[in-house]
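A short worksheet on the structure shown next.
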Amino acid sequence: MLGNPPRPPNEKVIWRYLSLDKYLDLLLTKTIKFTQVEIAADQLEISLMLKRLEQNGNLVGRENILESASHFINILRKSHYINCWTGKEHECRSLWFSYLGESRLGVAIKSTVGQVREHIVWGDYGVNCNEVIYRDTFDDTEELQNNIKLLNSKALAYSSESEVRFSVNESLMHLPEGELSETNPPVLIAPNSLPKVISFNSDLQSMINEVWISPYCQEWQLDMLKNLTSNLAPYLVNKMKRSDLNERI
């Protein structure tokens, strides 16, 4: 059995690649978005382990485990939210392609784990941060009880991302005001009623160290990005730089 996904140190450098629309949203709202796991692009988020155990025959004759684990994982996929960065030390050519879409227009913001933790207003939420582990082999059904492993395990095909993942979760039980009693019980929350996205206010000036502009931007697009940033978040302009890559699409 592999150990839990490691927790990165606060000084670890992390990057987040943003297409133009997401960068604009960041500048306009000054918020960081956490996405419900259920709507993530990788449809095996959290359910990878169960899927592999089932494919490999580890659950043959153990339908009770399959049923209960499926229900449990379905709830986790609705109640957990993620915000994904890459833990690479330097910019990554393949990630420009993965996250910026066909236009290749956007930026990569550079920060550290500690700065993200410190300069986002978490409110009543507790935030976790782990380095994602990449694996395709699972043979111990006890791992299905480990929320940290379920949430931070991805298929080997994604290993080039070197993902550092921040996560929060919505409670499915809210305590009422006043003293608990039979007439004032906890309020249960239906998983299907939970929001798809949670936004957290952030101090962009303190959180972001550098803003790298896509190497595939034309000069007029480069100027446009700088002008937008100057108008919406002038304190970031001096942190902007062009990618070190020198190539065309």
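Everything numeric in this text was worked out from a predicted model, so none of it was measured. Note that these values count all heavy atoms, side chains included, but never hydrogens, waters or copies made by symmetry. Here, residue 1 is the first one in the sequence, and each next residue gets the next number.
- Annotation for K88: atom NZ counts as buried by contact number, over 12 foreign heavy atoms lying within 6.0 Å.
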side-chain contact (heavy atoms from CB on, under 4.5 Å) assessment of R165 paired with K154: CA-CA 11 Å; R165 173 172 291 186; K154 288 179 69 74; 3.6 Å; yes
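- Counting all heavy atoms, side chain and backbone alike, P8 lies closest to N130 at CD-CA, 3.9 Å.
- Residues T35 and I198 have side chains not in contact (no heavy-atom distance under 4.5 Å, counting atoms from C-beta outward).
- Looking at L24, L26, L100 one by one, the single match for side chain to side chain contact (heavy atoms under 4.5 Å, CB included) with L18 turns out to be L26.
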Stepwise side-chain contact (heavy atoms from CB on, under 4.5 Å) check, K22 with S19: CA-CA 5 Å; K22 292 183 178 179; S19 55; 3.7 Å; yes
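- Looking only at atom types and distance, the side chain of T86 has no donor-acceptor partner in the side chain of E163 under 3.5 Å away.
- Going from atom CD1 of I46 over to atom CG of L50 covers 12.0 Å, rounded to the nearest 0.5 Å.
- Using a 4.5 Å heavy-atom cutoff, the side chains of E11 and T112 are not in contact.
- Between R117 and N128, the closest heavy-atom pair is NH2-C, 4.3 Å.
- Residues forming a salt bridge (charged side-chain N to carboxylate O under 4.0 Å, His left out) with R52 (at least two apart in sequence, or on another chain): D136.
- Taking the side chain as every heavy atom from C-beta outward, E161 and Y99 approach each other to under 4.5 Å.
- Among all heavy-atom pairs drawn from K149 and N146, the shortest one is N-OD1, 3.0 Å.
- K30 places none of its side-chain heavy atoms less than 4.5 Å from the side chain of D203.
- Nearest heavy-atom pair across P215 and W96 is CD-CE2, 3.5 Å.
- Residues K241 and I213 have side chains not in contact (no heavy-atom distance under 4.5 Å, counting atoms from C-beta outward).
- Side-chain contact between I32 and N83: present, with at least one pair of heavy atoms (C-beta onward) separated by less than 4.5 Å.
- Residues passing the ring pair (Phe, Tyr, Trp, His ring centres under 6.0 Å) test with F200, sequence neighbours excluded: F34, W122, Y125.
- The closest side-chain heavy-atom distance from M207 to V116 is below 4.5 Å.
- To the nearest 0.5 Å, atoms CD (E38) and CG (L76) are separated by 11.5 Å.
- Between L194 and S79, the closest heavy-atom pair is CD1-CA, 3.8 Å.
- Distance check, rounded to the nearest 0.5 Å: CD1 of I208 to CE of M240 gives 10.0 Å.
- Within a 6.0 Å radius of NZ in K51, other residues, nucleotides and ligands contribute 12 heavy atoms or fewer.
- Residues I148 and I82 are members of separate hydrophobic clusters, defined by side-chain heavy-atom contacts under 4.5 angstrom among Ile, Leu, Val, Met, Phe, Trp and Tyr.
- Counting only residues at least two apart or on different chains, the side-chain hydrogen bond (donor to acceptor under 3.5 Å, both in side chains) pairs with a member in residues 224-239 are Y23-T229.
- Residues L151 and V37 are in side-chain contact: their nearest non-hydrogen atoms beyond the backbone lie under 4.5 Å apart.
- L204 and L20 fall within the same hydrophobic cluster, where Ile, Leu, Val, Met, Phe, Trp and Tyr residues are linked whenever their side-chain heavy atoms come under 4.5 Å apart, directly or through other members.
- Within 6.0 Å of the CD atom in Q55, the count of heavy atoms belonging to other residues, nucleotides or ligands exceeds 12.
- There is no side-chain donor-acceptor pair under 3.5 Å between D139 and N56.
- Side-chain rings of Y81 and F166 stay apart, their centers remaining 6.0 Å or farther from each other.
- Nearest heavy atom pair, residue L144 against residue L150, reads O-CD1, 3.3 Å.
- Note that CG of N169 and CD1 of I75 are 12.5 Å apart. Values are rounded to the nearest 0.5 Å.
- Between the side chains of N209 and Q115, at least one donor N or O sits under 3.5 Å from an acceptor N or O.
- For the pair K110 and E89, the salt-bridge criterion is not met [side-chain N within less than 4.0 Å of a carboxylate O].
- Taken from CH2 in W85 to OG in S111, the straight-line distance is 5.0 Å, to the nearest 0.5 Å.
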